[in-house]
Amino acid sequence: MATKENDQIIKENNCETKMGLPYVLEAFKIVFKTGSISNKCYGELVVLGKVCHSALVKRTLEKSSIKDLNPLTIIVKSIQTWYNCLALIDSQSSSS
């Protein structure tokens, strides 16, 4: 997907305003580097939504100046992060 399309998705869905910066940084750290993500951040990611999450990751990947990133690895980590988030949220809501 082209950057212009991602930018349009991000703008139309107000993606950049749905999640606080500390959580954006935390989520992107797990996708683009390594580390863990807090339960609060997972909750913020669900509010952000899958469309926004995907568009933001793809736009960052396309505009990134980090040359050693493997796009396929980043997309896979992004998808894994999203589904891990949903699984955690589901398990928390079913245990409540």
Side-chain angles (χ1 to χ4, degrees):
M1 187 177 288
T3 301
K4 187 174 181 180
E5 292 170 5
N6 288 319
D7 287 342
Q8 184 176 354
I9 290 168
I10 291 164
K11 183 178 180 181
E12 288 174 358
N13 292 285
N14 298 315
C15 297
E16 294 177 317
T17 61
K18 288 184 176 180
M19 195 171 175
L21 182 59
Y23 300 114
V24 170
L25 296 174
E26 186 177 338
F28 271 61
K29 181 179 168 189
I30 190 94
V31 172
F32 287 93
K33 295 183 180 183
T34 58
S36 61
I37 189 168
S38 68
N39 290 356
K40 176 70 174 158
C41 187
Y42 277 135
E44 291 281 324
L45 198 55
V46 168
V47 171
L48 177 67
K50 188 175 190 319
V51 169
C52 285
H53 174 69
S54 295
L56 288 166
V57 168
K58 289 175 184 173
R59 184 181 70 180
T60 302
L61 190 57
E62 290 168 351
K63 292 183 175 185
S64 179
S65 61
I66 304 170
K67 301 297 180 206
D68 62 341
L69 291 178
N70 178 331
L72 182 58
T73 301
I74 298 303
I75 297 299
V76 167
K77 286 176 73 176
S78 169
I79 293 167
Q80 287 173 335
T81 300
W82 177 256
Y83 285 108
N84 289 346
C85 172
L86 290 181
L88 179 70
I89 298 302
D90 280 350
S91 72
Q92 288 179 342
S93 63
S94 59
S95 66
S96 300

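Note that these values count all heavy atoms, side chains included, but never hydrogens, waters or copies made by symmetry.
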Side chains of Leu86 and Trp82 in contact at under 4.5 Å (non-hydrogen atoms): yes

Connected hydrophobic set around Leu72, excluding itself, where side chains approach under 4.5 Å: Val76

Atom pair CG (Leu88) and CG (Leu45), whose distance is rounded to the nearest 0.5 Å: 11.0 Å

Result of checking Leu48, Val31, Asn6 against Leu56 for side-chain contact (heavy atoms from CB on, under 4.5 Å): Leu48

Pairing of Glu62 and Lys58 as salt bridge, 4.0 angstrom limit: no

Heavy-atom closest contact (Asn84 atom, Tyr42 atom, distance): CB-OH, 3.7 Å

Tell me which donor-acceptor pairs under 3.5 Å the side chains of residues 16-25 have, and how far apart each pair is, sequence neighbours excluded?
| unit_1 | atom_1 | unit_2 | atom_2 | d |
| --- | --- | --- | --- | --- |
| Glu16 | OE2 | Arg59 | NH1 | 3.3 |
| Glu16 | OE2 | Arg59 | NH2 | 2.6 |
| Thr17 | OG1 | Asn14 | O | 3.0 |
| Lys18 | NZ | Asn13 | O | 3.2 |

From CA spacing to verdict: side chain to side chain contact (heavy atoms under 4.5 Å, CB included), Lys50, Tyr83: CA-CA 10 Å; Lys50 188 175 190 319; Tyr83 285 108; 3.9 Å; yes

Heavy-atom pair of closest approach, residues Cys41 and Ala27: SG-N, 3.9 Å

Inter-residue atom distance Lys77.NZ - Lys33.NZ, 0.5 Å rounding: 10.5 Å

Straight-line distance of Glu44 CD to Glu26 CD, nearest 0.5 Å: 10.0 Å

Atom pair CZ/CG of Phe32 and Leu61 - distance to nearest 0.5 Å: 5.5 Å

Reported OG-to-CD1 distance for the pair Ser78 and Ile30, which is rounded to 0.5 angstrom: 11.5 Å

Gap between atom CD of Glu12 and atom SG of Cys52 - 0.5 Å precision: 10.5 Å

